[in-house]
Participant: 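First the structure, which I've put down as structure tokens, then a few questions once you've had a look.
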Amino acid sequence: MADMTRQANIDKIIEIEVEMFSAMKTDEPAPENNLPAFKKMRWMTYSVLSAETLEAWRKDLEQAQADGRNTMIEKYLMIAGEMPIPGEEEECCCATVAPKLEGLKQKICADEDICDIVEIENRWQEATARKYSHSVQRQPDGGESFMHYLMCELHTWAPATVRLYLQDVKNALGSGRNLAEERYDNLYASIGKGSLREVEDSVK
């Protein structure tokens with residue numbers, strides 16, 4: 001039952017995100033042939049998170065819909081530096097991780113938790129790319145674009161949900177796990193290519 005509930009949450013999250021993604025450009029809808037890849041990559045992202053985190057994020061998205069918010073639009077506006085800054089707020093500590101984010105704030109924000117998640121996820125990404133250098137490629141910016149993207153995405157999450165994600169990250173660290181590597185394992189297994197190690201060995 002727990003697995004079914006977890007999968008149901010992932011399915012609902014992706015369903016809502018597809019709706020939001022498709023609504024990003026009203027004059028130029030997202031091509032249908034882009035959606036399978038979008039769904040797969042979102043599934044890959046969520047495949048390693050706990051049932052509690054997934055349920056909380058699903059509820060956040062449902063609340064965003066009820067409030068007339070589109071978290072995809074918010075995320076990409078922040079990535080582009082075009083998200084309005086509400087009020088006179090203190091400098092976001094995220095600027096210490098990714099300078100592009102200096103001064104970037106949103107009403108829903110959990111700065112220190114977000115910074116911790118981004119730093120660890122970037123470390124995992126870097127370690128995975130080193131370990132599987134033939135099958136996992138990173139952009140040549142030292143992870144800056146990855147951190148910038150993830151930082152903006154997490155600024156659309158409710159603080160309580162961010163804290164659950166951070167707990168997932170801490171639990172993984174405590175167990176010696178690398179969630180980035182696990183995501184790739186899950187992705188390749190889901191498309192019938194085996195494990196990341198098997199993919200790496202096949203392209204050497």
Side-chain angles (χ1 to χ4, degrees), residues 5-86 94 98 100-101 104-110 114 117-118 121-122 124-125 136-139 141 143-162 164-165 168-169 179-180 182-184 186-191:
T5 301
R6 186 175 184 281
Q7 186 58 52
N9 277 319
I10 292 178
D11 291 344
K12 186 61 179 178
I13 287 168
I14 294 174
E15 176 187 323
I16 295 172
E17 290 192 331
V18 165
E19 291 178 17
M20 291 180 171
F21 179 71
S22 298
M24 281 182 60
K25 296 181 179 180
T26 54
D27 296 332
E28 195 175 325
E32 285 293 325
N33 59 356
N34 284 355
L35 294 181
F38 174 82
K39 291 177 182 178
K40 181 60 71 174
M41 297 311 293
R42 299 310 288 171
W43 175 85
M44 175 186 177
T45 296
Y46 297 127
S47 66
V48 298
L49 300 183
S50 68
E52 293 79 9
T53 302
L54 293 168
E55 181 175 4
W57 177 228
R58 188 255 305 163
K59 289 179 179 178
D60 285 352
L61 286 170
E62 290 174 338
Q63 186 61 53
Q65 283 187 314
D67 294 341
R69 292 174 52 216
N70 183 321
T71 62
M72 285 284 171
I73 290 175
E74 291 174 2
K75 175 174 66 177
Y76 284 102
L77 284 175
M78 284 192 285
I79 288 172
E82 298 173 3
M83 187 77 177
I85 301 173
C94 298
K100 288 181 181 179
L101 290 169
L104 198 61
K105 292 284 286 184
Q106 195 205 354
K107 291 178 182 177
I108 299 174
C109 188
I114 290 175
I117 291 169
V118 169
E121 287 277 14
N122 186 58
W124 278 334
Q125 284 277 346
V136 177
Q137 304 296 322
R138 298 199 80 194
Q139 294 187 1
D141 60 6
E144 182 177 338
S145 58
F146 168 77
M147 290 190 293
H148 182 64
Y149 177 93
L150 182 56
M151 192 81 72
C152 291
E153 177 157 300
L154 291 179
H155 273 75
T156 70
W157 291 38
T161 308
V162 171
L164 288 171
Y165 184 176
D168 289 349
V169 167
L179 295 188
E182 289 182 18
R183 288 186 179 100
Y184 280 103
N186 293 343
L187 173 66
Y188 287 125
S190 74
I191 59 177

Participant: Indicate yes or no for a side-chain donor-acceptor contact from Ser190 to the backbone of Leu187 under 3.5 Å, with no hydrogens or angles considered.
Facilitator: yes
Participant: Which residues satisfy the side chain to side chain donor-acceptor pair (under 3.5 Å) test with Thr53, sequence neighbours excluded?
Facilitator: Ser50, Asp168
Participant: Could you state the interatomic distance from CZ (Arg69) to CG (Leu61), rounded to the nearest 0.5 Å?
Facilitator: 8.5 Å
Participant: I need the minimum non-hydrogen distance between Ile10 and Tyr46, along with the two atoms involved.
Facilitator: CD1-O, 4.2 Å
Participant: What pairs with Gln137 under side-chain contact (heavy atoms from CB on, under 4.5 Å), at least two apart in sequence or on another chain?
Facilitator: none
Participant: Quick one: pull up CZ in Phe146 and CG in Asn122 and give me the separation to the nearest 0.5 Å.
Facilitator: 6.0 Å
Participant: Quick one: side chain to side chain donor-acceptor pair (under 3.5 Å) partners of Asn70, sequence neighbours excluded?
Facilitator: none
Participant: May I have the step-by-step check of side chain to side chain contact (heavy atoms under 4.5 Å, CB included) for Glu144 and Gln139, ending in yes or no?
Facilitator: CA-CA 9 Å; Glu144 182 177 338; Gln139 294 187 1; over 6 Å; no
Participant: Using every non-hydrogen atom in the two residues, find where Lys75 and Glu153 come nearest and quote the distance to one decimal.
Facilitator: NZ-OE1, 2.7 Å
Participant: Apply side chain to side chain contact (heavy atoms under 4.5 Å, CB included) to residues Glu62 and Ile16 and explain how you reach the verdict.
Facilitator: CA-CA 8 Å; Glu62 290 174 338; Ile16 295 172; 3.8 Å; yes
Participant: Which one of Thr161, Thr71, Thr156 satisfies the side chain to side chain donor-acceptor pair (under 3.5 Å) criterion with Asp60?
Facilitator: Thr161
Participant: Run the numbers on Trp57 and Leu164 for side chain to side chain contact (heavy atoms under 4.5 Å, CB included), then give the verdict.
Facilitator: CA-CA 10 Å; Trp57 177 228; Leu164 288 171; over 6 Å; no
Participant: Please state whether the rings of Tyr149 and Tyr76 are parallel, tilted or perpendicular, taking 30° and 60° as the class boundaries.
Facilitator: perpendicular
Participant: Do Ile114 and Met151 touch side chain to side chain, with heavy atoms closer than 4.5 Å?
Facilitator: yes
Participant: Rounded to the nearest 0.5 Å, what's the gap from CG on Leu150 to CD1 on Ile79? Could you check?
Facilitator: 10.0 Å
Participant: Who passes side chain to side chain donor-acceptor pair (under 3.5 Å) against Glu182, sequence neighbours left out?
Facilitator: Arg177
Participant: Out of curiosity, Glu17 CD to Leu35 CG, how far, rounded to the nearest 0.5 Å?
Facilitator: 12.5 Å
Participant: Sequence neighbours excluded, which residues qualify as side-chain contact (heavy atoms from CB on, under 4.5 Å) partners of Glu55?
Facilitator: Asn9, Arg58, Lys59
Participant: Just how far is it from atom CE of Met72 to atom CZ of Phe38, taken to the nearest 0.5 Å?
Facilitator: 3.5 Å
Participant: Once side chain to side chain donor-acceptor pair (under 3.5 Å) is applied, do any residues pair with Thr45, and if so which ones, sequence neighbours excluded?
Facilitator: none
Participant: Please name the residue in the list Arg6, Gln7, Lys12 that meets the side-chain contact (heavy atoms from CB on, under 4.5 Å) test with Leu54.
Facilitator: Arg6
Participant: Nearest 0.5 angstrom please: Arg138 CZ to Ser145 OG, how far?
Facilitator: 8.0 Å
